[in-house]
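Report on the following structure.
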Amino acid sequence: KSYDYFRKAAWSSAYVSSAMTYATMLDIRKLEYDKAVQHLATAITYHKDNAVANALMIYASYLQGDKKASERQYLSVEANDKLNHLARYFGVLTGKVSARDFMEKIRTDKNQVCLDLIETLLVADLQKEAVSLIEMLQTHEPLIFSLSAIYADIKGGSPNDSATEGIAFPSRRIEMNSLSHWAKQGSRKAQLLWGCALYAKGHYEKAVALWEGLSSTDYRAARNLAVAYYSRSGSVYVGILTLLTDTLTDCAFALVVRNKIRNKILKYFMSACIIMIKKYLSFYSILTQRTDAAEARSIPVKLRFALL
């Protein structure tokens, strides 16, 4: 049905190139490489700078068995679009580029670039090619959590909980699907990132529900809650108090655990914390008098306990 709709979309000249590109990916899923090459030729005719179509033509021609056409297409793309990393990766798969050269010429964040490429590969159901790219990346730098989760979805096993979140919040469909799956399996890091993805898409209540379950042990979830309370629920005071309380708690915890200060300094620091919390107590009593009962009850239990 998707295939039919993509072909119908091509009735409008403005959508021919993009529609034929997606139809090509479905052709590749069905191993119909002749049709894939035909659709790509149409896509490129209507939009010669279609980066995905130009890259796919390299690999579709190769899979079709026309290695000379694949090489001509690669040389053409390489000459005209040196930042087309999808084309360069197909160059690796077809023996035209070394894996080392491919990775070294990615000047931006390698995990993010590979996520972009993997999203296209998986639409075409090129799972082996996606796995190969992930494993190639692993030889150069650690996988971020989203990519680790996607790798676990394809290969089996579990995501690496020690992986970092990366430089950007998850936004791609493949990330959201994978994080949703692992969040339901109980992965706390997946829950944190899934909450970020939901918040970005406007699902604020679902994001808050995830972060509230994490805020007692994860300062990032507490920070996110403060932002959500402040900017989305109208609970300005609750947001400020949540952020300040968790900041004080985290600072004290970090100083104790990391053992980077002397006991005397720690004593003075904790005294300062107590003074500040007492000031918050006064502010809290005013807050509960000025807000209605529903908003007062919305103040997290953790926050009330920390203040009192």
* Would you say the side-chain atoms of Ser215 pair up with the backbone N or O of Ala222, donor to acceptor, closer than 3.5 Å? -> no
* **Test log, rule side chain to side chain contact (heavy atoms under 4.5 Å, CB included), inputs Thr139 and Arg100** => CA-CA 9 Å; Thr139 65; Arg100 180 177 179 178; over 6 Å; no
* CD1-NZ distance between Ile144 and Lys189, expressed to the nearest 0.5 angstrom -> 11.0 Å
* Let me see the working for His140 and Ile106 under side chain to side chain contact (heavy atoms under 4.5 Å, CB included), right down to the final yes or no. => CA-CA 11 Å; His140 288 78; Ile106 298 176; over 6 Å; no
* Backbone of Val123 reached by a side-chain donor or acceptor of Arg29 within 3.5 Å -> yes
* **Minimum heavy-atom distance between Ser171 and Lys201, given as atom pair plus value** => O-NZ, 4.1 Å
* Asked: Is there side-chain contact between Leu210 and Trp194, with heavy atoms separated by less than 4.5 Å?
  -> yes
* **Name of the residue among Thr21, Asp34, Thr24, Asp27 meeting side chain to side chain donor-acceptor pair (under 3.5 Å) with His39** => Asp27
* **Residues that Phe102 engages under ring pair (Phe, Tyr, Trp, His ring centres under 6.0 Å), provided they are two or more places apart** => Tyr89
* Asked: Any side-chain heavy atom of Leu179 sitting closer than 4.5 Å to one from Phe145?
  -> yes
* Structure fact -> Output for pair (Gln64 CD, Lys67 NZ), nearest 0.5 Å, gives 13.0 Å
* Structure fact -> Taken to the nearest 0.5 Å, the spacing of Ile174 CD1 from Glu119 CD works out to 5.0 Å
* **Validation row: Ser98, Val92 side chains within 4.5 angstrom (heavy atoms)** => no
* Asked: Do you know which two heavy atoms are closest between Cys114 and Leu147, and how far apart they sit?
  -> CB-CD2, 4.5 Å
* To do: Check whether any side-chain N or O of Gln73 sits under 3.5 Å from a backbone N or O of Asn54 as a donor-acceptor pair, and report yes or no.
  => yes
* Hey, quick one: are Val16 and Ile44 part of the same hydrophobic cluster, counting side-chain heavy atoms closer than 4.5 Å, chains of contacts allowed? -> no
* **Side-chain touch Tyr151/Glu135, heavy atoms, less than 4.5 angstrom** => yes
* Contact summary for Ala60 and Tyr33, nearest pair of heavy atoms -> O-CB, 4.2 Å
* Asked: Would the Tyr199 and Tyr204 ring centres measure less than 6.0 Å apart?
  -> yes
* Asp153 side chain to Trp182 side chain, donor-acceptor N/O pair below 3.5 angstrom -> yes
* To do: Apply side chain to side chain contact (heavy atoms under 4.5 Å, CB included) to the pair Val97 and Phe90, showing each step before the final yes or no.
  => CA-CA 9 Å; Val97 181; Phe90 286 140; over 6 Å; no
* Asked: Does the side chain of Lys96 come within less than 4.5 Å of Ser70's, by heavy atoms?
  -> yes
* Asked: Side-chain contact, heavy-atom cut-off 4.5 Å: Arg188 with Asp161?
  -> no
* Asked: Without hydrogens or angle criteria, can the side chains of Tyr62 and Glu71 be said to hold a donor-acceptor pair below 3.5 Å?
  -> no
* **Closest contact, heavy atoms only, Leu143 versus Asn111** => CA-OD1, 3.5 Å
* Looking at CD1 of Ile28 and CG of Asp125, how far apart are the two atoms once the value is rounded to the nearest 0.5 Å? -> 10.5 Å
* Any donor-acceptor N/O pair, Asp66 side chain to Ser61 backbone, under 3.5 Å -> no
* Which pair of heavy atoms, one from Asn160 and one from Ser162, lies closest together, and at what distance? -> OD1-OG, 2.6 Å
* Spatial distance of atom CG (Leu126) from atom CG (Leu63) [nearest 0.5 Å] -> 7.5 Å
* Asked: Do Ile167 and Leu137 belong together in a cluster built from hydrophobic side chains that touch within less than 4.5 Å?
  -> no
* Answer yes or no: is there a side-chain heavy-atom contact under 4.5 Å between Ile58 and Leu93? => no
* **Residue pair Cys196 / Asn224, side-chain heavy-atom distance below 4.5 Å** => yes
* Asked: Can you tell me how far the CG atom of Leu115 sits from the CD1 atom of Ile134, to the nearest 0.5 Å?
  -> 8.0 Å
* Structure fact -> Nearest heavy-atom contact between Ile150 and Ser178 is N-OG, 3.5 Å
* Counting N and O atoms only, with roles assigned by atom type, does the side chain of Arg88 sit under 3.5 Å from a partner on the main chain of Asp101, one being a donor and the other an acceptor? -> yes
* Report the C-alpha distance between Arg72 and Met57 in whole Å, list the side-chain angles of each, state the deciding distance to 0.1 Å, and finish with yes or no for side chain to side chain contact (heavy atoms under 4.5 Å, CB included). => CA-CA 10 Å; Arg72 286 195 302 271; Met57 183 65 93; over 6 Å; no
* To do: Classify the side-chain pair Asn177/Glu175 by whether it contains a donor and acceptor separated by less than 3.5 Å.
  => no
* For Met176, does its backbone N or O pair with a side-chain atom of Ser180 as donor and acceptor, under 3.5 Å? -> no
* Is there a donor-acceptor pair under 3.5 Å between the side chain of Asp218 and the backbone N or O of Leu214? -> no
* Asked: When clusters are formed by joining ILVMFWY residues with side-chain heavy atoms under 4.5 Å apart, either directly or through shared neighbours, do Met103 and Val131 land in the same one?
  -> yes
